Number of protein chains: 2
Amino acid sequence: MGRMSQQSSTAPGPDGHGDRQCDRSGQRRATVVDVAQRAGVSTATVSRVMNRNYPVAAATRERVEAAMRELGYVVNAHARALAGTSARTVGIIVSELIDPFYAYIARGVEREATDGDRLCLVCCTQGDPQRELAFIELMHERRADAVVLVGGSVEDRAYKAELARRARELDAGGSKLVLCGRPSLGDGVPTVGVEYDNEGGAFAITDHLITQGHERILYLGGPPGLSTARDRLAGHRRALELRGIARDRELEQPGAFSRAFGYRRMTELLREGLEFTAVFAANDIVAAGAAQALEEAGVRIPLDMSLVGYDDIPVAQDLRPRLTTVRIPLEEMGRQAVRVALNGGDEDDWRAPTTGTLRLGTHIVVRESVAAPRSTLPGSARPRRS
Amino acid sequence: MGRMSQQSSTAPGPDGHGDRQCDRSGQRRATVVDVAQRAGVSTATVSRVMNRNYPVAAATRERVEAAMRELGYVVNAHARALAGTSARTVGIIVSELIDPFYAYIARGVEREATDGDRLCLVCCTQGDPQRELAFIELMHERRADAVVLVGGSVEDRAYKAELARRARELDAGGSKLVLCGRPSLGDGVPTVGVEYDNEGGAFAITDHLITQGHERILYLGGPPGLSTARDRLAGHRRALELRGIARDRELEQPGAFSRAFGYRRMTELLREGLEFTAVFAANDIVAAGAAQALEEAGVRIPLDMSLVGYDDIPVAQDLRPRLTTVRIPLEEMGRQAVRVALNGGDEDDWRAPTTGTLRLGTHIVVRESVAAPRSTLPGSARPRRS
DNA sequence: CTGAAAGCGCTAACAC
DNA sequence: GTGTTAGCGCTTTCAG
């Protein structure tokens, strides 16, 4: 047997150091070699027992399993990954775990990953594109099978180029960059994607408002530089246009996707006396802020003002009245994201030219926050400035 | 200069195969060897350049960095971890990412991990202790520097023993199991912990209710088998006892930590005509459900009924009236969890006997959901069964 | 400051 | 069925 080929190991150590460690916090973890020795078999057999991918005599197997148990053996996933098998990891990058929009998608990703016997690396960028890039790199270093990028992206040229570079690197290594809820990087870039009908949802809900008789609709929130916000605004405008309602720049009030923005801006607008009968908040969070401002100003929903949101996260049902909004299949998107990445080029190379994009639908959920504008009701004055 | 010492590389390839792979999806990732070759240095130098942990001539460094860039080199974290350095990973196990209670803690863990230049493995057990155990194992395989177990644990003997075994295994390997918001496993078990004053918070808020004049307080929700729920109920009982209020079993209605439970059970209780003037929901989610039931039954908060919760998650502020509740330093707990794990025995072995437990405080946040009971107001009838 | 070489722990041919 | 033996890609003494 060829062990001890050098003068370095195993034995108590000639000079008193070299083999320290048995004293304090950790007596060297057991390895396949230890297990093999104890069970009187080769390391190959131990490996076979663990992976159950090869016939092993029942008796042998038992001996090996006993040895593993007795030694408290735990495989080293890194060694395993190094030796060739996949790291069985999928990475997910969101801007904020606290935000239900991301949390639901993350849940889908985590569940699908777990179902596929993989672990999930999760990172939060806190909205910083630079961190996003850095995290992709980190996950690449970890050799994640897929890296899921969630949510709207900044519309920046240099940033996109950088992203494309990372996507190519990942692809070259057999991993996939998944764009979940954000636009593709272009045909040349090897990514897969899962989108939802963002523009369509916005169109539908604005149309819903118009159908109820609203013409002066305030569009509130959504960072102008974010793809998500851009698409929602686009859908909103299209609905207006289709119905022949002239666009009014004053009624477009983009801003952060935050409750604070919704509250603050709405308060200001109310004070300034801007005229409108309905509000389309770019997402439910903004709507929650707006609702609070409205409440404090004594404006009743939906009597004096209609309000709708986007995303259909839980807060939509906690608001009073319950919020009419656009539902996105958040969790499903997460699941599909990993599915599409793992089947899109791994083995079943079934005509997925590296850039497969899945598109899921959205639909509006009608609750109690919309009514016909007062002004169209016979005999009532419009709730204008005063 | 010693470049091209082997016959293997760079050139077009003498025999046409041997260097396969340049065609399909991945031309073999570049390795240190490739970089070293291209830069005309040894792999040791490349390593030194990457880790900046050793002096390297500026010129050499530049050549190496250029080579890395040109080759699109990305270190292999597994090889690195195998070679001895830590995996720079912390694991976190929660029951549900969607639940703000867990999400906030997870955020703390993620941020602290990121600040310490580590990545975060996240798993959801969906409340299944068996999965929890399995995930700990998987994270151990990944050689996570710490594994953070979040939230209440089931009070099961066999389960705890199993957990203790895992804790010892981890510890033997130099990792730490962190109990975040759950009781210690006993002195013999090498874990670290971060708790919050669960019982104290419950005591304080029940006392708050009593101080307002309430005597018949319904305790609603909280799975009897969960440590979290047990402690909250204990605090509640202690407050009652201290004030000399007799315990009434009918007023203790444990159950799931869910909105659905809060809604359903409250609806039933109202229908049955149970008498009480205030509700202490075991957490804010349950409180939200209860609030809805109350609303639908035409019971006004806090006029006809006072309501308090626990956790102080965002929904507490979305409810109308805003919910009086107990605040837990959720995110801080997450941060401390990784801090305590990473400093409790890593290098600064400053008297942390493997079992250090940090205890953070809680405090009540008074909002608008509590008032004196109608029955104590002069001249008004109690809102009893009818 | 730089190079050579010995592993880290596991898997996967390839023998027997 | 089971053993042998190369590596996987990186870090790290130990020598220059």
Side-chain angles (χ1 to χ4, degrees), chain A residues 1-10 15 17-19 21 28-37 39-64 68 71 73-88 140-143 173-174, chain B residues 1-3 5-6 8 28-37 39-61 63-64 68 71 73-88 140-143 173-174:
Chain A
M1 36 182 77
R3 58 210 318 276
M4 289 196 203
S5 37
Q6 258 62 250
Q7 82 288 52
S8 62
S9 67
T10 328
D15 58 352
H17 86 314
D19 242 340
Q21 275 219 273
R28 198 177 68 84
R29 280 171 169 109
T31 73
V32 257
V33 176
D34 302 319
V35 175
Q37 232 161 241
V41 300
S42 73
T43 62
T45 301
V46 175
S47 174
R48 287 176 190 128
V49 169
M50 292 195 296
N51 300 305
R52 340 183 140 283
N53 56 357
Y54 222 79
V56 171
T60 313
R61 138 155 298 138
E62 231 139 84
R63 240 171 336 121
V64 172
M68 303 204 316
L71 262 32
Y73 172 77
V74 178
V75 247
N76 184 321
H78 301 297
R80 188 176 261 180
L82 227 208
T85 75
S86 115
R88 305 223 68 88
H140 186 175
E141 291 182 1
R142 254 67 171 192
R143 299 300 186 258
Chain B
M1 41 180 73
R3 59 216 312 275
S5 34
Q6 258 63 254
S8 63
R28 199 177 67 83
R29 282 171 168 107
T31 73
V32 258
V33 175
D34 302 320
V35 176
Q37 235 160 240
V41 299
S42 72
T43 62
T45 300
V46 175
S47 174
R48 287 175 189 129
V49 168
M50 292 195 295
N51 299 305
R52 345 182 136 281
N53 56 357
Y54 221 80
V56 171
T60 312
R61 136 154 302 136
R63 236 168 340 119
V64 172
M68 303 205 316
L71 260 32
Y73 173 76
V74 178
V75 247
N76 184 322
H78 300 298
R80 186 175 263 181
L82 226 209
T85 74
S86 117
R88 306 224 69 86
H140 187 174
E141 292 182 1
R142 252 82 166 179
R143 298 301 185 261

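Below, each value reflects all heavy atoms present in this structure, side chains not excepted, and no hydrogens, waters or symmetry copies. Chain naming here is simple, since letters A, B, ... match the order of the sequence lines and numbering starts at 1 in each. Given the structure is predicted, the values throughout are model-derived calculations rather than measurements.
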* Asked: For the side chain of B:P55, counting heavy atoms from C-beta on, which of C:dC1, C:dT11, C:dA4 is nearest?
  -> C:dC1
* Asked: At under 4.0 Å between heavy atoms, what does A:V75 touch on the DNA or RNA strands: base, sugar-phosphate, or nothing?
  -> sugar-phosphate
* Asked: Between C:dT11, D:dT12, C:dC8, which nucleotide gets closest to the side-chain atoms of A:M50?
  -> C:dT11
* To do: Could you please name the option among C:dC10, C:dT11, C:dG3 that lies closest to any side-chain atom of B:T45?
  => C:dG3
* To do: Answer yes or no: side-chain N or O of B:R48 and base N or O of C:dG3 forming a donor-acceptor pair under 3.5 Å.
  => yes
* Donor-acceptor under 3.5 Å (A:H78 side chain, B:A79 main chain) -> no
* Selected nucleotide, minimal atom distance to B:T60 side chain, candidates C:dT2, C:dG3, D:dT2 -> C:dT2
* **Distance in angstrom units between B:N53 CG and C:dT2 C1', rounded** => 14 Å
* Asked: Between the side chain of A:R61 and the main-chain N/O of A:V56, is any donor-acceptor distance below 3.5 Å?
  -> no
* To do: Round to the nearest Å and state the distance from B:N51 atom CG to D:dC10 atom C1'.
  => 9 Å
* Take the protein atom CG of B:N76 and the nucleotide atom P of D:dC10, then report the distance between them rounded to whole Å. => 6 Å
* For A:V41, report the nucleic acid contact type (base, sugar-phosphate, nothing); a contact means any heavy atom under 4.0 Å. => sugar-phosphate
* Base, sugar-phosphate alone, or nothing: which one does B:V33 contact when heavy atoms must sit under 4.0 Å apart? -> nothing
* Asked: Which of these nucleotides, D:dT11, C:dC1, D:dC10, is closest to any side-chain atom of B:A79?
  -> D:dC10
* Which nucleotide, C:dT2, D:dG9, D:dG3, lies nearest any side-chain atom of B:V56? -> C:dT2
* At under 4.0 Å between heavy atoms, what does A:A44 touch on the DNA or RNA strands: base, sugar-phosphate, or nothing? -> base
* Any A:Y54 side-chain N or O less than 4.0 Å from OP1/OP2 of C:dC14 -> no
* To do: Would you please confirm or rule out a distance under 4.0 Å between OP1 or OP2 of C:dG9 and any side-chain N or O of A:T31?
  => no
